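Following: one structure in structure tokens, then a few remarks.
Keep in mind that this is a model prediction, so the values were computed, not measured. These values consider heavy atoms only, across backbone and side chains, with no hydrogens, waters or symmetry-generated copies. The chain is numbered in sequence order, starting from 1.
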Amino acid sequence: MTHFLISFPSAAMVVSDEDFPDVVREAHAVIQEAKDAGVYVFGGGIDEDVAPVLVAGDGTVTQGTYPQATRLDGGYTILDLPSREAALEWAKKIAASCRCAQEVRAFQYDPLA
């Protein structure tokens, strides 16, 4: 099994106020389906009201992120799946419920994790 990150940036999810309750209901239904299937690991959205900080090896804390980093926001779901094909199927479900395309990435295996 491999952990897959399925995500989208905030700007990708353009939903009217009228449609938003349906999106929330449908997205929660897909997450419940993943939980019921035993593949759900973690999910949520980046809290854009909390500014990021960078913590150095010596413990120094500075505002912001790595200079070369792009903006990190949006929604994220981590699923434990048997294949990339399975991840793509789940991404289709999430994309349909959120009304926006999803990016799929695989985590590298770490035997100590």
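Here the side chain of Asp73 pairs a donor or acceptor atom with the backbone of Ser10 at under 3.5 angstrom. No donor-acceptor pair closer than 3.5 Å links the side chain of Ser7 to the backbone N or O of Tyr76.
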Subject >> Steps toward side-chain contact (heavy atoms from CB on, under 4.5 Å) verdict (Ile6, Ile94) >> reply: CA-CA 8 Å; Ile6 301 171; Ile94 295 171; 3.9 Å; yes

Original post:
Can you list the steps and then say if Val104 with Leu88 is a side-chain contact (heavy atoms from CB on, under 4.5 Å)?
Top reply: CA-CA 7 Å; Val104 177; Leu88 297 177; 4.1 Å; yes

Original post:
Stepwise, does the side-chain contact (heavy atoms from CB on, under 4.5 Å) test hold for Phe4 with Thr77?
Top reply: CA-CA 8 Å; Phe4 287 89; Thr77 304; over 6 Å; no

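Taken to the nearest 0.5 Å, the CG atom of Asp110 stands 11.0 Å off from the NE2 atom of His3. For the atom pair CD (Glu103) and CG (Leu5), the distance works out to 7.5 Å, reported to the nearest 0.5 Å. To the nearest 0.5 Å, atom CD of residue Gln102 and atom CH2 of residue Trp90 are 13.0 Å apart. Here the SG atom belonging to Cys98 is positioned 5.0 Å from the CE atom belonging to Met13, to the nearest 0.5 angstrom. With rounding to the nearest 0.5 Å, the separation of CE in Met1 from CG in Leu79 is 9.5 Å. The distance from the OG1 atom of Thr2 to the CG atom of Asp80 is 7.5 Å, given to the nearest 0.5 Å.
Contact detail for Cys100 and Ala12: the closest heavy-atom pair is CB-O, 3.3 Å. Closest heavy-atom contact between Ala101 and Ala95: CA-CB, 4.4 Å.
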Identify every side-chain donor-acceptor pair in residues 36-47 under 3.5 Å, counting partners at least two apart or on other chains, and give the distances.
residue, atom, partner, partner atom, Å
Asp36, OD1, Gln32, NE2, 2.8
Tyr40, OH, Gly43, N, 2.9
Asp47, OD1, Asp49, N, 3.0

Quiz: residues 20-31 side-chain donor-acceptor pairs under 3.5 angstrom, not counting sequence neighbours:
residue, atom, partner, partner atom, Å
Asp22, OD1, Arg25, NH2, 3.1
Glu26, OE1, Arg99, NH1, 3.0
Glu26, OE2, Arg99, NH2, 3.3

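With a 6.0 Å radius and a threshold of 12 heavy atoms from other residues, nucleotides or ligands, Asp58 has its CG atom above the threshold.
In this structure, the side chains of Val61 and Val53 come closer than 4.5 Å at one or more pairs of heavy atoms.
Qualifying salt bridge (charged side-chain N to carboxylate O under 4.0 Å, His left out) partners for Asp19, counting only residues two or more places apart in sequence or in other chains: none.
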